[in-house]
S.K.: 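Structure in structure tokens, see below.
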Amino acid sequence: MKVHELFGVLDSIAPFKDSEDWDNTGLLVGDMQSEVTGVLTTLDCSMETVEEARQNDINVVVAHHPLIFPKTSSVTEAGTGAIIRSLIKNDINLIAMHTNLDHQPRGVSHMIAERLGFHDTEVLIRHEASYKKLRVNIPAEDRGQLKSDLAKAGVGRQGDYTDCFFEYPVKGQFRPGGDANPHIGARGELENVDEYIVEAIYDPAIENHVVEALVESHPYEEPAFDILSIHKPGEKGLGVLFDYEGTMDDLVSLIEEKTGLSVVNTVRGSDKPIRRVAVIGGSGMSYINGAFARGADVLLTGDVKYHEAYDAKLAGRNIIDTGHYMEHVMAEGLKILIEEQLDIRVKATQSSTNPFS
Ligand code: ZN
Ligand code: ZN
């Protein structure tokens with residue numbers, strides 16, 4: 001298997017187009033045409049990570065945090081440059097799956113919840129997704145064929161469902177002109193037709209393909225159709241939410257027991273029992289309002305600053321600062337997702353890249 005084929009599978013797990021604009025994801029070092037000998041998953045790519053890959057005869061490292069960020073102006077034997085040089089000298093490829101992996105329903109926050117034993121999660125802060133809606137008039141007898149042709153072109157897909165259409169009967173009228181070659185009716189005569197309106201949504205990225213399929217399938221010379229832009233909460237987003245029964249102390253003990261990491265700090269703004277737990281892996285404090293708006297009783301995240309903690313306590317909110325390094329569970333989580341799709345050797349890193357001790 002070549003790196004580009006592995007890359008295609010990673011893209012199906014967490015599409016690289018879902019990355020934030022400021023991010024730097026994708027193949028950061030290496031060659032798409034090289035043959036994959038194995039995959040090492042890790043939160044960060046450190047010198048030890050490269051050594052671990054080399055010793056295990058693995059030539060693809062998939063890291064969550066991008067090694068090259070925001071920009072690297074020189075590649076020398078200092079800092080990040082030394083790691084990049086080591087990757088190249090050992091012919092090891094480096095792929096970063098960062099915010100694209102954070103924003104998936106089974107992404108990093110879900111992996112943290114799973115590590116704690118909670119597999120049933122929902123997305124915490126859903127992103128608004130853009131869709132197009134096609135609305136087309138069609139003679140009643142042609143609507144079945146049209147729906148089938150549009151479905152083949154990718155129209156009417158919603159989540160796990162395909163062929164999702166609405167239809168309703170309408171009366172249409174038209175008068176063919178002198179040069180027209182009408183499917184129904186005659187030139188110069190006003191024609192009334194029993195038509196249906198067929199409606200369905202599609203991904204804006206396939207618009208040209210959809211219009212081509214529509215014109216191809218429709219019996220009219222000049223099909224009447226509208227294309228509307230719509231926005232609604234999508235299936236993807238940041239963080240997860242799960243149900244829980246217990247106290248803050250129970251939750252802290254559970255986190256420490258299941259992950260082997262010490263909780264950094266807790267903010268106890270309320271002593272009510274915990275029923276809903278929000279998780280945002282990494283640095284989630286800028287999304288705190290969105291998390292508590294979903295009815296969370298506590299937020300698990302990292303990088304909590306003093307003033308953020310102060311304000312949270314004043315607002316009666318509970319926070320558990322698990323540390324940003326809690327995201328390291330993605331190494332095992334991503335290994336499982338890759339192995340679900342590919343029969344290749346995947347190793348979750350054994351080396352710790354936690355800068356705190
Ligand atoms: Zn992350
Ligand atoms: Zn992170």
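Ligands are counted one by one from 1 in listed order, and the atoms in each one are counted from 1 as well.
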S.K.: So, D249 and R268, do they make that salt bridge, N to O below 4.0 Å?
M.R.: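 Salt bridge between D249 and R268, a charged N being under 4.0 Å from a carboxylate O: yes.
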S.K.: Check all N, O or S atoms of H64 and name the one closest to the Zn ion (ligand 1).
M.R.: NE2
S.K.: Of all the atoms in H324, is at least one N, O or S atom closer to the Zn ion (ligand 2) than 2.8 Å?
M.R.: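 Looking at H324, which is the residue asked about, there is an N, O or S atom under 2.8 Å from the Zn ion (ligand 2).
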S.K.: So, N59 and T37: side-chain donor and acceptor under 3.5 Å apart, yes or no?
M.R.: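 The answer is yes; a qualifying pair exists.
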S.K.: side-chain hydrogen bond (donor to acceptor under 3.5 Å, both in side chains): which pairs involve residues 73-83, sequence neighbours left out?
M.R.: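 Sorted result for residues 73-83: E77-R85.
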S.K.: Nearest to the Zn ion (ligand 1), which N, O or S atom of E327 do we find?
M.R.: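 Restricting E327 to its N, O and S atoms, the minimum distance to the Zn ion (ligand 1) goes to OE2.
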S.K.: State which residue, out of I138, I197, L134, fulfils the side chain to side chain contact (heavy atoms under 4.5 Å, CB included) condition with F225.
M.R.: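 Of the listed options, the one satisfying the test is L134.
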